[in-house]
There are 2 protein chains.
Amino acid sequence: MSNTRMTVREIAKLAGVSVATVSRVSNGTGQVSEEMRRRVLDAIEKHGYRPDHLGRALAAGRHGALGLVFPGLSGPYFTELIQGFESEAVPSRASVHILCTHLRSDSDDQVLEMGRRVDGVAVMGGTISDEALLRLAKMVPVVVVAGEGPGDIPSVRADNVGSMLALTRHLLAEHDLRDLVFVGNPAGSPDVSERWAAFRRAHHDLGIEPPAEPVAVSMQQADGVLAADQLLGGDTPRPAGVVCANDEIALGVLVGALGRGLRVPQDLHITGFDDVPAAALVTPALTTVRQPVRELAAEAARLILRAAGQPGNTPAGSLVLPAELVLRRSCGCPAPRPEVPAGE
Amino acid sequence: MSNTRMTVREIAKLAGVSVATVSRVSNGTGQVSEEMRRRVLDAIEKHGYRPDHLGRALAAGRHGALGLVFPGLSGPYFTELIQGFESEAVPSRASVHILCTHLRSDSDDQVLEMGRRVDGVAVMGGTISDEALLRLAKMVPVVVVAGEGPGDIPSVRADNVGSMLALTRHLLAEHDLRDLVFVGNPAGSPDVSERWAAFRRAHHDLGIEPPAEPVAVSMQQADGVLAADQLLGGDTPRPAGVVCANDEIALGVLVGALGRGLRVPQDLHITGFDDVPAAALVTPALTTVRQPVRELAAEAARLILRAAGQPGNTPAGSLVLPAELVLRRSCGCPAPRPEVPAGE
DNA sequence: TGGTCGGCTGAAACCGGTTTCTGTTAAGCG
DNA sequence: CGCTTAACAGAAACCGGTTTCAGCCGACCA
């Protein structure tokens, strides 16, 4: 009815009761007689009163909000992440604040500012400085997603090590490949760092000498094209296989290789990581690793909600979810099914 | 220093001044003598005081937050949208709340709840009911992104009509195609509705009879595969070209066509909409339309911020940004460049 | 020297809720 | 019938800030 916002006190006056009673009715707490409850509900209904979120939050000392911090929104990985997080937060009546640190230099400050507006934060690994992370953790419960935090900050992540071990071993042992290269910058994110380490360890486990250095590029498709230029353009002998830190790099390398007239996988084997939708679509389809990104994010949200619910801010331990090897044509495996992918 | 949060009153006591003075210093408002300012700043510095966001927001009657509502996060379109919105909001010290209505049935309520937590909301067209949109607009400034709102709710959108007119005309006139079909559900979103209307109008403008009905499917890749089954599987004559409501559908149709042994564009012409990264990557590369999604979202954020800044909640008018036709192989055009796409 | 004006300060009201704490009333019980 | 107790209602304090308003004081002017 009324366009101007009602307050508890106005409703109280209109219903002829005290503000305490209105609050009790609208929250369902305490004891209220049927008579009073009727009067209050009538007034609320009649004037379309909804309690103000700020007033309530201030009194409760709780924001009713969760934060999610990520470097940027490149690709389907982040899409899944956000949806997983959000779908877990909303049923708990918590709103979701997002922050893309992107290329901004003052992201540490912005994250700390976010810490003052929410009840807990999930931060993607490698997004902000450890120092900022520790300070943030002093304000609100924090969980690191896809990475590892300093101190005893809890984290949830996929099994990078296990799956990259399996993938590399697959290439080395089943396809009997040598001269593999790794494309991706281990310094860029904890995920890549773990993948690079596992890539090397798989070599060592089989008594094979791994390359000393990765081809350190960023995570976009264009960087994969660049890497392909570097690997295939010069006079250096062509590697047998290219293990990429994610699918987008792999797709870039694929384009670069095909553009040079190379056949994949006959002339060059390529693998990715993440299983983005396009990975199944391109020709040849991309061998990759599927992570339970959505569950990862949902689990992070759950941890935060639980910690925020308790005054003691329980930090809980770390969690590692399994990842799944997806073998397709680009590593030399036969096409798994009659090429009619079920979309996404 | 202190781990437990400081309040204005504590700082005031420690600095030996009144809370009003502390507030004035920390906000830089009003007149404060150098002596007082020093004392307050010292106390603030020493105890690491930062004003509580809730208290401040309550007193100011402003949340310092913007909302963004979308149906789901399928594909790069939404990624761009979020980043554009966020990059405009953050410099204004506004946090960004997101809400995926997804498959939830109670999204209207959730949107209204969001309206009580932010200073303004951008809603993707077709995401919530007109009724909810109108009620939301009574609470906070609202902008519809990629769609049109009821009443005088302002909107920002790309030039669907102009670009789809140009695209369809291109197929009809330049490539001299007939028997085009449109794949996409006009009832699903305002964008698709506009595109379908423009598709038909281009036919009429050239005196050609357009198809009476679209192939109404959803916006995911799998739906494109379904559409291909329907169009290419039966005994009905194969259409000359398939105009898809977005790139993901088009990619699905492409896979379906190639999987049936058809050559694209020789046997079947296909076009998309949005210019997702994969559109340039697939073979043949996809003819499509590039929308200024990021600018769209940034403009929406700007409108909201401006409206939220003024008590009068200026609704402002609508805004239509131009879109660009991207001609590639899949419509029959020659490859524009030596096939080394610069990634994305 | 008295009056006015402007700079500076702090007490108190306010934002919109929740919660404690006190008091009243009626029911239950010996 | 008197006493205890439970149910219920409301006044007031509280959450942590901002802002109004009144008052004090020194400077300036006639």
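Protein chains get the first letters and strands the later ones, always in sequence-line order, with residue 1 at the start of each.
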Any side-chain N or O of A/T21 under 4.0 Å from OP1/OP2 of D/dA9? no

Set out, in order, the CA-CA distance, both residues' side-chain angles and the distance that settles salt bridge (charged side-chain N to carboxylate O under 4.0 Å, His left out) for A/D42 and A/R38, then state yes or no. CA-CA 6 Å; A/D42 281 355; A/R38 284 272 307 135; 3.3 Å; yes

Under 3.5 Å between N/O atoms: give me all the protein pairs with nucleotides 14-16 of chain D, atom names plus distance.
residue: D/dG16; atom: N7; partner: B/R9; partner atom: NH2; Å: 3.0
residue: D/dG16; atom: N2; partner: B/G55; partner atom: O; Å: 3.4

Charged N to carboxylate O under 4.0 angstrom, B/R39 versus B/E35? yes

Pull out every protein N or O sitting under 3.5 Å from an N or O of nucleotides 20-28 of chain C, one pair per line with the distance.
none

Worked verdict on B/E113 versus B/R116 for salt bridge (charged side-chain N to carboxylate O under 4.0 Å, His left out): CA-CA 5 Å; B/E113 170 63 28; B/R116 316 219 320 293; 2.5 Å; yes

Would you call B/Y77 and B/D191 a side-chain contact if the rule is heavy atoms closer than 4.5 Å? yes

Value in whole Å for how far the C1' atom of C/dG17 lies from CD1 of A/I11: 13 Å

Picking from B/E80, B/E299, B/E86, what satisfies salt bridge (Lys or Arg N to Asp or Glu O under 4.0 Å) with B/R294? B/E80

Any side-chain heavy-atom pair of A/M114 and B/S95 under 4.5 Å: no

Would you classify A/Q31 as touching base, sugar-phosphate or nothing, given that sugar-phosphate means primed atoms plus P, OP1 and OP2, and contacts are heavy atoms under 4.0 Å? sugar-phosphate

Please say whether more than 12 non-hydrogen atoms of neighbouring residues, nucleotides or ligands are located less than 6.0 Å from CZ in B/R37. yes

Rounded to the nearest Å, what distance is computed from the CG atom of residue A/N27 to the P atom of nucleotide C/dT19? 7 Å

To the nearest angstrom, the CD-P distance between B/E35 and D/dC25 comes to 17 Å

Looking at C/dT9, I'd like to know if its phosphate oxygens (OP1 or OP2) sit under 4.0 Å from a side-chain N or O belonging to B/S33. yes

Side-chain heavy-atom pair A/Y49, A/E10 within 4.5 angstrom cut-off: no

Side chains of A/S107 and A/T127, heavy atoms from C-beta outward: is any pair under 4.5 Å? no

Can you figure out which of C/dT19, C/dT9, C/dG10 approaches the side chain of B/M36 most closely? C/dT9

Which is true for B/V22 with a 4.0 Å heavy-atom rule: it touches a base, it touches only sugar-phosphate, or it touches nothing? nothing

